[in-house]
Amino acid sequence: MTIITIQSSYSPSRIQVIKNTNSVIKHANFDQFPSWVSLKTTTTSSVKLEHKQGQVENLHLVSLSKHGKLNEAFEFFQEMDKAGVSISPYTYQCLFEACRELKSLSHGRVLHDRMRMAFENPSVTLQNCVLLMYCECGSLVDADKLFDEMPELNAVSRVTMISVYAGKGLLGKAVGLFSRMLESGDKPTSSVYTTLLKSLVNPSVLGIGRQIHGHVIRAGLCNNASIETGILNMYVKCGWLKGAKLVFDQMAVKKPVASTGLMVGYTQAGRARDALKLFVDLLTEGVEWDSFVFSVVLKACASLEALNLGEQIHACVAKLGLESEVSVGTPLVDFYIKCSSFESACRAFQNISEPNDVSWSAIISGYCQMSQFEEAIKTFKSLRSKNAAVLNSFTYTSIFQACSVLADCNIGSQVHADAIKRSLIGSQYGESALITMYSKCGCLDDANEVFESMDNPDIVAWTSFISGHAYYGNASEALRLFENMVSCGMKPNSVTFIAVLTACSHAGLVTQGKHYLDMMLQNYNVAPTIDHYDCMIDIYSRAGLLDEALEFMKNMPFQPDAMSWKCFLSGCWTHKNLELGEIAGEELRKLDPADTAGYVLPFNLYTRAGKWEEAAEMMKLMNERMLKKELSCSWIREKGKIHRFIVGDKHHPQTQEIYEKLKEFDDFMEGDVFQCSMTERREQLLDHSERLAIAFGLISATGNARAPIKVFKNLRACPDCHEFAKHVSLVTEREIVIRDSRRFHHFKEGQCSCNDYW
DNA sequence: CTAGGGTTAG
């Protein structure tokens, strides 16, 4: 039979070739069956054939089972019963095999019952087929029962059970059976070793792994390449890299498979340099290449952000013509993204001839890392409509992230529903991303629902939810959650404390903030970093305790960084302290000349004090350094469409109505305006972007006129508009939610959830 | 026997 003229196109992956070969052979065999085998009528009506002890019937059953037509086969049993023809053991084997392939436990059980009736003492081989069927159909209970009942066991039966135990993580049972096998004198086959080794996947079972290694040596199987590699990988997974290296060094022939395993070990342990060193060794030794090696090496380069080295490897890949391979192209995309070379990443992606789900998830998460969230969502949508099969839980997680940054709950919840339908919410990753998404959209109830639905929320999920409350200004709820989490036995990490300190900061809880900062190391063994100290500076500064903040900065175990001064400066602005603000501004400009806050806030401080010259100096400095103040912008979603407004915006088609609506609040504005010292500012106040957005929200009250008006703003809420929103919420009895660049403000009956503290 | 993509912060 001529086979394997498959795939004229180049296919360098070994596994793919083998898989294809198998399927071709199988197909060829059974497509060549003569047509009469599938003709029920012929066989049953033919008296002649019946005399051949049912050979034809059995052959027919074999054919049906090879084609997975189990129902038809089962129907045919009746015909056979009628004709008094019995099913041969070989036919049973084929039928069990079909049940396995189709994972049909129900067919398997019926068949097993039938087999028991037919044979008093079925052969071990046949019993093993049933055993394997139960294992592969996922019924360990049935398999266990049969295994106990079997009067005779051979190596295959034991191997089958060992591998199913090992695969299910029932290590004790697997190892127990292995020992009994040794005791019984049965020599474990090499596949027993490889399966057992594969199931040893964490440091707690290193001891068992070493013992098995010992048995391998005694059994003289050390030169078996797959067992050798299995041992190496076992040591990698059990975290014993030294052992893995020893095994590697003793290998007679260094195959790329083993090297890949060791390199993966190094990369996962954060030892990317060692992985690359090994790669260079292989290079000089002239070891053959395969795409797996490249993917690991590229990952190592990505983690080191070693752009130059990675580019050299890229050149190597290109020379070998592997650029278009998914297995190399995909890690290449990720490598460029991690190095922030976005253009190269896009080019690398375009070079992949057949991108798969991993490739797509890499590029979509890349868009997120490039802050091209709209592009990420656009790509997702187009894939969703054209080729939904390439979407996986990784991609959904990235989209949730994109929606949280865009605060787009509309798309977000739809994608969430879609992910539920397709069971593609990554456990932990996806769920935490959803909690963040709903929190950032101001839907804490939905975030809560996701959180509550988790069986075992991990530290990231807890942290997401705590930050959600912090973001919303629910300090007490955030702290209650934290304590609750601790009592559940969860260990907070460094990010958790950022969330806790942020909560304190947003609510002005100075003493509590200091308490948590002090407790970090003492009680929770988490070393505070400069970020945590910056949070504390923020807490002091916001609370107006500027001297304390300064003192704290002097005594903290880190040099103040740009963020330290920025927090302090922002406190100086809030609490109108020009003197300290000048110092802070100078320090901030020194440490981060590109941060506009270092110019804008001092400028505001100067103008408020009437120091025009100094203020002008700030503007001049900014212009010289080619910096631009970010324009204040607010937006609101109406029927899924986003309406954006900037100061004094008159581009909106309903501009006239919007300004008329604003006039209704003139009385209130009068008092407001008198507080301002600058004419220019006074005029701008009337058409600040958030006011325009609120007014638009009021006039376009569709459907549910009682639904809160949700406004988003790119900068921090302006105090005057904050007052305005409080007033509007009182006189219109509409709830208003403003999400500024830092947090949520929830206005209700003339009050804001932030208690005027932000 | 070996790989590549995703979560929490200001």
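Atoms considered below: every heavy atom in the structure, side chains included; atoms not considered: hydrogens, waters and symmetry mates. Every chain is numbered from 1 and lettered A, B, ... according to where its sequence line falls, protein lines coming before strand lines.
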In whole Å, what is the span from the OH atom of A/Tyr193 to the C1' atom of B/dC1?
17 Å
Given atom CG of A/Leu591 and atom P of B/dG10, what is their separation to the nearest angstrom?
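Whole-Å distance recorded here is 22 Å.
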Taking the side chain of [X] as heavy atoms from C-beta outward, which of [options] is closest to it?
X        : options              : result
A/Lys299 : B/dT8, B/dG4, B/dC1  : B/dG4
A/Asn356 : B/dT2, B/dA9, B/dG4  : B/dG4
A/Lys237 : B/dA9, B/dC1, B/dT2  : B/dT2
A/Lys440 : B/dT2, B/dG10, B/dG6 : B/dG10
A/Asn493 : B/dT8, B/dA3, B/dG6  : B/dT8
A/Arg742 : B/dG10, B/dT2, B/dT8 : B/dG10
A/Asp531 : B/dT2, B/dC1, B/dA9  : B/dA9
A/Gln401 : B/dG10, B/dG6, B/dT2 : B/dG6

Just to verify, what does A/Lys713 make a salt bridge (Lys or Arg N to Asp or Glu O under 4.0 Å) with, not counting sequence neighbours?
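Partners of A/Lys713 by the salt bridge (Lys or Arg N to Asp or Glu O under 4.0 Å) criterion, ordered by chain and then number, come out as A/Glu690.
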Residues that A/Asp458 engages under salt bridge (Lys or Arg N to Asp or Glu O under 4.0 Å), provided they are two or more places apart
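Partners of A/Asp458 under the salt bridge (Lys or Arg N to Asp or Glu O under 4.0 Å) test: none.
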Classify the nucleic acid contact of [X] as base, sugar-phosphate or nothing, counting any heavy atom under 4.0 Å across all strands shown.
X        : result
A/Asp357 : base
A/Val264 : sugar-phosphate
A/Ser505 : nothing
A/Gly261 : nothing
A/Asp538 : nothing
A/Lys198 : sugar-phosphate

Pair of N/O donor and acceptor under 3.5 Å linking B/dT8 base with A/Ser464 side chain:
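Check fails, no donor-acceptor contact within cut-off.
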A/Asp334 (side chain) and B/dG4 (base): donor-acceptor pair under 3.5 Å
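No.
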Can you check whether A/Phe400's main-chain N or O pairs, donor with acceptor, with A/Ser404's side chain at less than 3.5 Å?
yes
Under 6.0 Å from the CD atom of A/Glu285, do we count more than 12 heavy atoms belonging to anything else shown?
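Correct, the count exceeds 12.
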Does the ring of A/Phe292 lie flat against the base of B/dT2, closer than 5.5 Å centre to centre with planes under 30°?
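Yes, A/Phe292 stacks on the base of B/dT2, since the ring centres sit under 5.5 Å apart and the planes are within 30°.
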With the threshold set at 4.0 Å, does a side-chain nitrogen-carboxylate oxygen contact exist between [X] and [Y]?
X        : Y        : result
A/Asp418 : A/Arg384 : yes
A/Asp249 : A/Lys245 : yes
A/Arg480 : A/Glu477 : yes

Ring of A/Tyr524, cation from A/Lys491 - is the NZ or CZ under 6.0 Å from the centre and inside 45° of the axis?
no
Strictly below 4.0 Å, heavy-atom distances to any atom of DNA chain B: list the hits from residues 360-372 of chain A, or just say none.
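Those residues whose heavy atoms fall under 4.0 Å from DNA chain B, taken from residues 360-372 of chain A in numerical order, are A/Ser361, A/Ser365, A/Gln369.
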